[in-house]
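A note on names: the letters A, B, ... follow the listed sequences, proteins ahead of strands, and every chain is numbered from 1. All values derive from a computational prediction rather than experimental measurement.
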Protein chains: 2
Amino acid sequence: MTTSLGTLELSALLSVARLGDDAYGLAVRQDLSERAGRDYSVGAIYTTLQRLEDKGLLASRASEPLPVRGGRSRRHFRLTGAGSRAIRDAERQTASMWDGVGTRIRVRPA
Amino acid sequence: MTTSLGTLELSALLSVARLGDDAYGLAVRQDLSERAGRDYSVGAIYTTLQRLEDKGLLASRASEPLPVRGGRSRRHFRLTGAGSRAIRDAERQTASMWDGVGTRIRVRPA
DNA sequence: CCCTATTTGTTCTACAAACTAGAGCTTATG
DNA sequence: CATAAGCTCTAGTTTGTAGAACAAATAGGG
C-alpha cells in the first residue's frame, strides 16, 4: 500500500515530526513557510493536516488554553505509527528518485 | 518564482536528468515504476512530461525511427536551463524539509 | 512479395485527488 | 469593545491517474 503523498502532505508530515509537542496548525504553517521561502495560506495548511489525519498518518487532540493574549485551545498533531512508517517509506523513495542525478543529496551508508 | 513541483513532476524531471539521451516516454515510465515500486499508467507519464514542457522545464524533439520491431520515432526529452535550475531549487528545498527529522538523508557539506 | 499479427510508442479524454486562498467564525486577553 | 491567536469552510485551480485509441515499425507465413 504505497499511498504516495503529495508534496505539501509530505512536508507537513515532516514538520509535525520535527516540531514534536509543539506541532499545531499555525506553528506548522510558520515552519513550512520559512523552509519553503514562501507563505502558505492558513487554508492550505489546515486542509492538508486534516487530510493526513483522515489517512491515519496523524492524530490530533485539543490543548488547554494558554493564559496569553488570544491564547485559545490549539489542535495539536502527532505522528501515528502509520505516519512514522510513511516517513520511512518516503525517505527510501526520495533517495531512490534522486539517485544518479548528480545532486548533493545522498543516503548515508547504513 | 518558486513554482513548487508536484511529486510526480519532480520525479519525472529527475528521471529525464538521469536518463540523459535515453529519456523518452516509455523509458521514463519504466524508470519511475521501478524506483517507486508500482506501475504508472502511460497517461500519467505523458501528461506529466507534457506539463513540464509547457512550463518550460523540458524540451522535446522527435528521434529517427529505429530498425527494430516496433521501433517507431520517439519523443526525446531534455532539461532546459530552467529545468536544471528547478532541480537545484528542489534539492535545496527537499533538504530543508527533511532537516531535523532524524532521517538518513543529508546534504553533503559544501 | 504482400497481408496481417505483433511490438513499441504516443495522443486523447475524463475524472479523482491535492493544492491553494481567503473570508469568517471562535475564544482568549488588554 | 478592541485586538490577538487559532481554526473551519467554501470554492476554484493544478496535479495525478487510468486506459482506450491511434500510429508506425518489423516479422513471417502464404
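- Here A:Y46 does not reach the OP1 or OP2 of D:dG6: none of its side-chain N or O atoms lies under 4.0 Å away.
- Between A:E64 atom CD and D:dA5 atom C1' there is a gap of 17 Å when expressed in whole angstrom units.
- Mapped onto DNA chain D by nearest heavy atom, B:K55 and A:G25 fall at different nucleotides, with A:G25 at the one closer to the 5' end.
- Relative to the six-membered ring of B:Y40, B:R29 misses at least one condition, a distance below 6.0 Å or an angle of at most 45° to the axis.
- A donor and an acceptor atom, one from each side chain of B:Q50 and B:D54, are located under 3.5 Å apart.
- With distances taken from any side-chain atom of A:R74 to the nucleotides D:dA18, D:dG6, C:dA23, the minimum falls on D:dG6.
- With C:dG30, C:dA18, D:dG19 as the candidates, the nucleotide lying closest to the side chain of A:R69 is C:dG30.
- For B:R38, counting side-chain heavy atoms from C-beta on, the closest listed nucleotide (C:dG9, D:dA18, D:dA5) is D:dA18.
- The CG atom of A:L5 sits 15 Å away from the P atom of C:dA17 (whole-angstrom rounding).
- Of the candidate nucleotides D:dG16, D:dC7, C:dG9, D:dG16 has the atom nearest to the side chain of B:L8.
- The nearest whole Å value for the distance from the CG atom in B:D54 to the C1' atom in C:dT11 is 14 Å.
- Looking only at atom types and distance, the side chain of B:S60 has a donor-acceptor partner in the side chain of B:R75 under 3.5 Å away.
- Taking atom CD of residue A:E53 and atom P of nucleotide C:dA18, one finds them 15 Å apart after rounding to whole Å.
- Remark: P of D:dT14 and CG of B:L52 are 15 Å apart, rounded to the nearest angstrom.
- Each of A:R72 and A:Y40 was assigned the nucleotide of DNA chain C with the nearest heavy atom; the assignment lying further toward the 5' end belongs to A:Y40.
- Remark: P of D:dA23 and CZ of B:R75 are 16 Å apart, rounded to the nearest angstrom.
- Side-chain to base pairing of B:R51 with D:dG16: one donor and one acceptor N or O lie within less than 3.5 Å of each other.
- Mapped onto DNA chain C by nearest heavy atom, A:D39 and A:V68 fall at different nucleotides, with A:D39 at the one closer to the 5' end.
- Atom CG in B:L66 sits roughly 16 Å away from atom C1' in D:dA23 (whole-Å rounding).
- Rounding to whole angstrom units, CZ of residue B:R61 and P of C:dG9 are separated by 15 Å.
- The side chain of B:E9 approaches D:dT15 more closely than any other nucleotide in the set D:dC7, D:dT15, D:dA25.
- Residue contacts for B:G43: at a heavy-atom cut-off of 4.0 Å it reaches a base atom on one of the strands shown.
- Sequence order on DNA chain D of the closest nucleotides to A:T7 and A:T47 puts A:T47 first from the 5' end.
- Using modelled atom types, no side-chain atom of A:T48 and backbone atom of A:L8 make a donor-acceptor pair closer than 3.5 Å.
- Checked by atom type and distance alone, the side chain of A:T7 pairs as donor or acceptor with a backbone atom of B:T7 at under 3.5 Å.
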